[in-house]
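Let me begin by presenting the structure, written as structure tokens, before commenting on it.
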Amino acid sequence: MAALSSSSLYHKFHSSTLAYYSNSNYESSSCFTAKAIGYSSRRNGSSICKGLRIQNAATKSAKSPAEEEWKIKRQVLLEKRVRSVDVKEALRLQKENNFVILDVRPEAEFKQTHPPGAINVQIYRLIKEWTAWDIARRAAFAFFGIFSGTEENPEFIQSVESKIDKSAKIIVACSAGGTMKPSQNLPEGQQSRSLIAAYLLVLNGYTNVYHLEGGLYNWFKEGLPAESDE
């Protein structure tokens, strides 16, 4: 593994973070697809609906836990006492208290750069199947110029359980981090991949789950230790 300088790393990661916002289904691919398929425009006074034929041809499976409303997820996280920590506190907990950093970004992003000792299990993956519903989602992403749409990783919990014991102390991290803290503009905070992952973990019996506030963007911006698998 190669260590990376903080300056080159920050600029490199900053670019990938911008790409994340434009190419990722930040909350869940199904929500993004619903918006894309439901897109409509008006031309010459008449309504033209885009993608309706695709929508009618595909049937979506039942809603998964990851697709639950953010308001409900946030309430569960608060009830389970999932605490957010900033990047410097996360580094201290990793070094002094044997906390595990669980990086839920896509594998390619993890290999590019990550905190030393972090474990990667991606919560979203590239769409793999070719059912009618998957074809519809691909078409919806393509409508917005996104040709590598993602979907929830159905093996996320199984993969985490194979790598991390349920009694372990875990800090869940993604690119942007999100927040559970209310603000004037975001009265219920902001959902993120790491908060969705934390929600799934507490639903499946993990009892010492923390969340990285500010995400790995802030970790690298602060010049904290990082390494690459490339």
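Model, not experiment: these values are computed from the prediction.
Separation of atoms OG (S159) and CD1 (I123) is listed at 11.5 Å; rounding is to 0.5 Å. Interatomic distance, NZ of K88 versus CG of L93, reported as 14.5 Å (0.5 Å rounding). One distance of note links CZ of F220 with OG of S175; it measures 8.5 Å at 0.5 Å rounding. Separation of atoms CG (L195) and CG (L77) is listed at 6.0 Å; rounding is to 0.5 Å. Note that CZ of R83 and CE of M180 are 10.0 Å apart. Values are rounded to the nearest 0.5 Å. Rounding to the nearest 0.5 Å gives a distance of 13.0 Å between CZ of R81 and CG of N208.
By the neighbour-count criterion of 12 heavy atoms within 6.0 Å, atom NZ of K166 is densely surrounded, having more than that number from other residues, nucleotides or ligands. Counting non-hydrogen atoms of other residues, nucleotides and ligands closer than 6.0 Å to CZ of R92 gives a total above 12. The local environment of NZ in K169 is crowded, with over 12 non-hydrogen atoms from other residues, nucleotides or ligands closer than 6.0 Å.
Using a 4.5 Å cut-off on side-chain heavy atoms (C-beta onward), P115 and E227 make no contact. Contact check for S228 versus K111: no side-chain heavy atoms found under the 4.5 Å cut-off. In this structure, I171 and V100 have side chains that are not in contact, with every pair of non-hydrogen atoms separated by 4.5 Å or more. Looking at I101 and W219, their side chains come closer than 4.5 Å, going by heavy atoms from C-beta outward. Inter-residue side-chain proximity for N218 and V87 is flagged as met; some heavy-atom pair is nearer than 4.5 Å. Counting only heavy atoms from C-beta outward, the side chains of V160 and L201 approach each other to under 4.5 Å.
A donor-acceptor pair is defined here as one N or O able to donate and one able to accept, closer than 3.5 Å; no such pair exists between the side chain of Y206 and the backbone of Y199. Without hydrogens or angle criteria, W70 side chain to S192 main chain gives no donor-acceptor distance under 3.5 Å. Side-chain N or O atoms of K181 include none that pairs as donor or acceptor with a backbone N or O of E188 at under 3.5 Å. Side chain of R193 to main chain of C174: no donor-acceptor pair is present (N/O by atom type, distance under 3.5 Å, no hydrogens or angles). Panel note: side chain K163, backbone N120; a donor-acceptor pair is recorded below 3.5 Å. Remark: side-chain polar atoms of S194 are paired, donor with acceptor, to backbone N or O of G177 under 3.5 angstrom.
Here the closest non-hydrogen pair linking P182 and R74 is CD-NH2, 3.7 Å. Here the closest non-hydrogen pair linking Q94 and P116 is NE2-O, 2.8 Å.
For E68, the salt bridge (charged side-chain N to carboxylate O under 4.0 Å, His left out) test picks out K63, with sequence neighbours left out.
Taking hydrophobic clusters as Ile, Leu, Val, Met, Phe, Trp and Tyr residues chained together by side-chain heavy-atom distances below 4.5 Å, F110 does not share a cluster with L216. Two different hydrophobic clusters hold I72 and L186 under the rule that ILVMFWY side chains link at heavy-atom gaps under 4.5 Å.
Among V121, L200, V172, the single residue meeting the side-chain contact (heavy atoms from CB on, under 4.5 Å) criterion with V104 is V172.
A side-chain N or O of E213 and one of T179 form a donor-acceptor pair less than 3.5 Å apart. If you check the side chains of N185 and S183, you find no donor sitting under 3.5 Å from an acceptor.
Screening residues 81-106 for ring pair (Phe, Tyr, Trp, His ring centres under 6.0 Å) gives F99-Y210 as the qualifying pairs, with residues at least two apart or on separate chains.
A salt bridge does not link K73 with E69: none of the charged nitrogens is closer than 4.0 Å to a carboxylate oxygen. The pair R105-D103 counts as a salt bridge, with a side-chain nitrogen and a carboxylate oxygen less than 4.0 angstrom apart.
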